[in-house]
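We use all heavy atoms of the structure for the numbers below, so side chains are in, but hydrogens, waters and symmetry mates are not. Below, chain A is the first sequence line, B the second, and so on; all start at residue 1.
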Amino acid sequence: MPEKFLKPYSPQDVEAGIYKKWEEGGYFNPDNLPGDRPESFSIVLPPPNVTGTLHLGHAAMLAVEDIIVRFERMRGKKTLWLPGTDHAAIATQSKVEKEIQKTEGKNRHDLGREVFLKRVEEFAQESHDTIVNQVRCMGASVDWSREAYTLDIKRRHAVNTAFKRMYDAGLIYQGERIVNWDPKGQTTISDDEIVYVEEKSKFYYFKYGPFTIGTSRPETKFGDKYVVMHPDDTRYELFKHGDQLEVEWINGPITATVIKDAVIDKDFGTGVMTITPWHSAVDWEIAQRHDLNKEQVIDKYGKMLPIAGEFAGMKIAEAREKIVAKMAEKGLLVKVEDNYVHNIATAERTGATIEPQIMKQWFVAVNKEFIIPHSNIPGIESGSTTTLKEVMRRSVDSGATKIVPDRFERIYYHWIDNLRDWCISRQIWFGHRVPVWYCTYPEGGKSTPMCANPIISIENASECPYCHGTVEQDPDTLDTWFSSGLWTFSTLGWPDDTLDLKTFHPTALLETGYDILFFWVARMILMSGFLVGDVPFKNVYLHGLVRDEKGRKMSKSLGNIIDPLDMISKYGADAVRLSLIIGAAPGNDLKLSENRIRGYKNFANKVWNITRFVLENTQDATDDVPFTEGDAAIQQEACGAFDAVTANIEKYRLDLAADQVYQFIWHRFADEILEESKTILKTGTPEEVASRKRLLTNTLKDSLKLLHPFMPFVTEEIWSSLPNTENLLMIEPWPSK
RNA sequence: GCGCGGUUAGCUCAGUUGGUAGAGCAUCCCCUUGACGUGGGGAGGGCCAGGGGUUCGAGUCCCUUACCGCGCACCA
C-alpha cells in the first residue's frame with residue numbers, strides 16, 4: 001500500500017499536481033477524448049469580468065459546471081467546456097479610473113484615450129492571469145486551448161460583423177431618443193443597468209394658471225409649456241386639447257398649451273401635470289405622441305442651462321431650493337408635502353442619480369419587423385417576418401430553450417413584455433468601438449450628399465466611399481452585453497462556418513446566476529436568434545447567490561467576504577466545491593459558513609481512509625470469483641444508488657445527487673458494508689472472503705467514479721494508487737447497471 | 001400597483017405523481033488499541049407559519065391571512 005495512505009488526506013500536497021496531470025492528459029479538449037463519441041455536449045463558461053478576483057459566486061458556478069461537464073464526459077459524450085473572460089467595459093474602466101484618481105490624482109482625460117486604454121489593458125491582463133489561476137485551483141476541466149476574451153481580435157471581428165448585419169437589417173439604428181444619462185459616469189446606460197432606490201422627498205404643488213400641478217422636481221419645470229390631463233376628467237372638461245393660455249411661471253409669463261392624454265392618472269395629485277420631455281421618459285412619450293417641442297433644461301453635468309435664467313449654472317440640489325423659495329415669494333407655491341416616497345433611478349456602477357436626456361445614440365430595435373433569413377427556432381419559419389421580441393419569446397415558449405427552475409420563464413416573458421429599444425452606445429473608452437465612421441468633409445469641396453451617411457464597416461474604414469476623403473470613427477463604445485451576447489457562437493469561430501460551430505452549437509447548457517437573466521441570457525437569445533437562426537443553448541440552469549451565514553450578500557463594506565482561495569488552501573478545493581453544492585437547490589440562495597466547508601473536508605478524509613482499509617484487506621482480490629448471494633444483493637443495491645444519482649444530475653438537482661453520494665459512501669459503504677466486512681474477512685469461508693474482497697474493490701471504484709464529478713481531486717489521487725487503473729479517472733465510464 | 005419565491009428539528013436545508021416527517025451541523029449519553037477521534041453507536045428535539053377547503057388520507061392540491069426576501073412597473 002502506498003505510504004501516503006498512512007497519513008490523513010492532505011489536499012494541499014496533491015491538488016496542483018493532479019490538475020497538471022489532467023492538463024497534460026489533454027482530455028479537457030474534446031478532440032483528444034478517446035473512443036467514438038457521436039453525441040456532443042458543450043457549455044461556455046460565463047466569462048468572469050476582468051475586474052479583479054473571483055468570489056464565491058464564481059466558485060459555485062465553476063463547481064456546478066464542472067460537475068456537469070465531468071459527468072457528461074464520463075458518460076461518453078464529446079464534451080467541451082469553453083473558458084474565457086469578459087472585458088466588462090464600464091465596470092473595468094471605472095475601476096481603473098478610480099484607482100488612477102486615488103494614486104495619481106488624475107482622471108482619464110488627463111491621460112488621454114490612448115494612454116488610459118493602455119493602463120486599463122494592463123490591469124485587465126493582470127486580472128485575467130489571477131482569474132485563470134483561480135479557475136485552475138477550483139479544478140475546472142475547461143479546454144484552455146479554446147480560451148477566448150470578449151475583447152480579443154476574433155471577438156472584435158464577430159462584434160463588428162454582428163453590428164453590420166443588424167444595421168443592414170434595420171435592427172440597429174441611430175436616433176435622438178430619451179436615454180438614461182449617468183452624470184457621474186458621463187455615459188448612457190441601458191434600462192437594465194438602473195437600480196431603483198426608494199427615497200423620501202418633498203412634493204410640491206404649484207399654481208400653473210388656473211391649475212395646480214404637483215412635482216418632486218421643480219428644477220426641471222422651466223421648459224414646461226404643456227399642461228396635461230386625462231381626456232375624461234370632468235373637472236377639466238372646460239379646457240380643450242390645444243387650448244392656449246398665458247400663465248405666470250418661475251421666470252415670468254409663458255404660453256401654456258393644454259394636452260389631453262390618457263396616460264394621466266386622474267387620482268394622482270390634482271390630475272394635472274406639466275411635462276418636461278427632455279428629462280422624463282414618460283413625458284418624452286407624451287411629447288412624441290402629440291408632436292410637442294422639447295427643450296433641454298439640465299446639462300450633462302447636472303447643472304442648470306441658460307433657460308433657467310437666474311438659476312443657470314447651479315447644481316440641481318441648489319437650484320431646487322432656490323426655485324421653491326422664489327415660487328413661494330411669487331405666491332405660486334400652494335403647498336409642500338413631506339414624506340413623499342418614490343423610487344429614484346440610480347446608475348448601478350456609479351450610484352449617481354440618472355438624469356434622462358435626449359441624445360443621439362445607437363439602438364437595437366426590438367419591436368421592428370424584419371425578415372429572418374434562416375431559423376431553426378420552432379414557430380419561426382426561415383424567411384418569415386418577425387421581430388427580435390418574437391424571437392426571444394418563441395425561443396423559450398416553444399421549448400427550444402428550457403429554463404430551470406421554470407418559474408424564471410414567467411419572469412423572462414414579463415421582462416420581454418416591458419422591453420424597450422436597447423441603447424447600445426456608451427460614452428466610455430474601454431470596449432468595442434462602434435464600427436461606424438463618418439466622412440470628415442475635407443476641404444476642397446469634393447464631398448457629396450451621400451457623405452452624410454454613416455459608414456458601417458467590419459474592418460477599419462480608411463476613407464469615405466463616396467468622396468474618398470478622410471473619415472473618423474464614432475468615439476463611442478458598445479455596451480459590454482453586446483459582445484457577451486455573442487458569446488456562445490463568437491467563441492466557436494462565428495462568423496466563419498467552423499467545425500466547432502457545427503459540432504457544439506447550440507450549446508447544451510448555460511449555467512449562470514439568476515441575477516443576469518436579463519442582462520445576458522436574454523441578450524444571447526436575441527443575438528443567436530437573429531445571427532445564427534437558432535437558440536444559443538438548449539437549457540438554462542440558474543443558480544442562486546452565495547450569501548454569508550446570516551443570509552446577507554457578501555460585500556466589501558460588510559466585511560463578510562469569504563475568499564474561495566483561502567478556503568481552498570485551508571480545506572481543499574473538493575471540500576469547497578461540495579459545500580457550495582449540497583443545500584443549494586436550483587435558483588435558491590445558499591448560506592455558506594466556514595463550518596460547512598470543514599465538514600466536507602472530513603468527508604474527503606473519510607474516503608481516503610476507506611481506501612486505506614480496502615487496500616489493506618483486498619490485496620489478492622479478483623473479479624474471477626462469484627459473489628455470494630448477500631454480496632450480489634449489495635452490488636445490486638449499489639447500482640440502484642448510481643441510477644438515483646444519475647437521474648438527479650440529469651435534472652440538475654446536483655444538491656440531491658451530491659448528498660446521495662455522500663450518504664452512500666459514508667453511511668452505507670463505510671458504516672455498514674465495511675464494518676460487516678471486518679467479521680466476514682476474519683471468520684468467513686474462503687468463498688465468502690473472496691466474494692467480499694471483490695465487492696469491496698468494486699464498490700470503492702464505483703464510489704470514486706460516482707464522487708469524481710463532485711470531488712475530482714481526492715478521487716483522482718486515490719484512483720492513481722489503485723491496482724489495475726491505467727487511465728485517468730476523469731475518462732472512466734460512468735457507473736450504471 | 002402587478003408578479004414570483006420562502007415560512008419543516010436549535011441552525012442550514014431536503015421532502016420528486018397526496019399514503020406513518022428526513023439529512024448535515026449543533027446538543028447530550030455511551031463505545032472504541034487495527035481504515036478513519038476528521039471515528040462508531042444511540043438519544044432528545046417538529047400542531048411542517050396561522051385559518052379554511054378538497055380527500056378515506058394533506059408538509060404536499062385549492063382558497064385566504066401574516067411575516068420575510070426578490071423581480072418588474074411607476075404617479076408627474
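Atom P of nucleotide B:C75 and atom CG of A:D261 are separated by 13 Å, given to the nearest angstrom. Distance A:K591 NZ to B:G6 P: 14 Å, rounded to the nearest Å. Remark: P of B:U38 and NZ of A:K601 are 10 Å apart, rounded to the nearest angstrom. A:I403 places its CD1 atom 14 Å from the C1' atom of B:C4, with the value rounded to the nearest Å. Between the NE2 atom of A:H543 and the C1' atom of B:C13 there is a distance of 18 Å, given to the nearest Å. Summarising the geometry, the separation between CD on A:E676 and P on B:G40 is reported as 16 Å, rounded to the nearest angstrom. The distance between atom CD1 of A:I673 and atom C1' of B:G40, rounded to the nearest whole Å, is 16 Å. The interatomic distance linking A:K7 (NZ) with B:U38 (C1') rounds to 16 Å, in whole Å.
Residue A:L590 is classed as having no contact, given no heavy-atom separation below 4.0 Å to the nucleic acid. At the heavy-atom level, A:N595 lies under 4.0 Å from the strands shown only through sugar-phosphate atoms. At a threshold of 4.0 angstrom between heavy atoms, the contacts of A:S216 are confined to the sugar-phosphate backbone, with no base atom among them.
Pair assignment for B:A23 gives B:U12, based on Watson-Crick or G-U wobble hydrogen-bonding distances that are each under 3.5 Å. Of all nucleotides present, only B:U7 satisfies the Watson-Crick or G-U wobble test against B:A66, with each distance under 3.5 Å. Nucleotide B:G71 forms a pair with B:C2, judged by Watson-Crick or G-U wobble geometry with both contacts under 3.5 Å. B:C47 is unpaired under the Watson-Crick or G-U wobble criterion, no partner having all donor-acceptor distances under 3.5 Å. Under the Watson-Crick or G-U wobble criterion, with both distances below 3.5 Å, B:U38 is left unpaired in every strand shown.
Both A:R410 and A:D283 lie near RNA chain B, and the one whose nearest nucleotide falls closer to the 5' end is A:R410.
When the side chain to side chain contact (heavy atoms under 4.5 Å, CB included) test is applied to A:F518, the partners found at least two apart in sequence or on another chain are A:D192, A:I411, A:W415. By the side-chain hydrogen bond (donor to acceptor under 3.5 Å, both in side chains) test, A:D417 pairs with A:R393, sequence neighbours left out.
Rounded to whole Å, the C1' atom of B:U65 lies 26 Å from the corresponding atom of B:G57. Rounded to a whole angstrom, the distance from the P atom of B:C68 to that of B:C25 is 33 Å. The separation of B:G6 from B:C74, taken at their P atoms, amounts to 27 Å, rounded to a whole angstrom. Straight-line distance between the P atoms of B:A49 and B:U16: roughly 14 Å, to the nearest whole Å. B:A23 and B:G41 are spaced 12 Å apart, taking the P atom of each and rounding to whole Å. Taking the P atom of each, B:G50 and B:G46 are spaced 14 Å apart, rounded to whole Å. The gap from the C1' atom of B:G45 to that of B:C61 amounts to 30 Å, rounded to the nearest Å. Across B:C47 and B:U8, the matching P atoms stand 11 Å from one another, rounded to whole Å.
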Nucleotide N/O of nucleotides 33-35 of chain B paired with protein N/O under 3.5 Å:
from, atom 1, to, atom 2, distance (Å)
B:A35, OP1, A:K678, NZ, 3.1
B:A35, O2', A:R612, NE, 3.3
B:A35, O2', A:R612, NH1, 3.3
B:A35, N6, A:A670, O, 3.4
B:A35, N6, A:E675, OE2, 3.1
B:A35, N3, A:N609, O, 3.2

Pairs under 3.5 Å (N/O, protein and nucleotides 70-74 of chain B):
from, atom 1, to, atom 2, distance (Å)
B:C72, O2', A:N418, ND2, 3.1
B:A73, N6, A:N343, ND2, 3.0
B:C74, N3, A:N343, ND2, 3.2
B:C74, N4, A:N343, ND2, 2.4

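A distance of 6.0 Å or more separates the ring centres of A:Y571 and A:Y600. Taking the six-membered ring where the residue is Trp, the centroids of A:F710 and A:Y662 are separated by 6.0 Å or more. The ring of A:Y208 has its center closer than 6.0 angstrom to the ring center of A:W249.
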The contact string for nucleotides 14-23 of chain B, one letter per nucleotide 5' to 3', using protein heavy atoms under 4.0 Å with B, S and - for base, sugar-phosphate only and none, comes out as SSB------S

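Applying the salt bridge (Lys or Arg N to Asp or Glu O under 4.0 Å) test to every pair with at least one member in residues 259-268 of chain A, sequence neighbours left out, gives these pairs: A:D261-A:R289.
Side-chain contact between A:V197 and A:N343 is absent, with no heavy-atom pair separated by less than 4.5 Å. With a 4.5 Å cut-off on side-chain heavy atoms, A:E594 and A:I562 do not count as touching.
Shown here is A:Q663, whose CD atom has more than 12 heavy atoms of other residues, nucleotides or ligands within 6.0 Å.
Here CD of A:E348 is found 10.0 Å from CD1 of A:I194. Values are rounded to the nearest 0.5 Å. In this structure, A:I568 CD1 and A:I597 CD1 are separated by 9.5 Å, a value rounded to the nearest 0.5 Å.
A pairwise comparison of heavy atoms in A:G214 and A:Y205 identifies CA-CD2, 3.9 Å as the closest pair.
Between the side chain of A:Q12 and the backbone N or O of A:S569, at least one donor-acceptor pair lies under 3.5 Å.
No hydrogens or angles considered: a donor-acceptor pair under 3.5 Å links the side chains of A:T274 and A:K221.
Between A:W666 and the phosphate of B:G24, there is no side-chain N or O to OP1/OP2 separation shorter than 4.0 Å.
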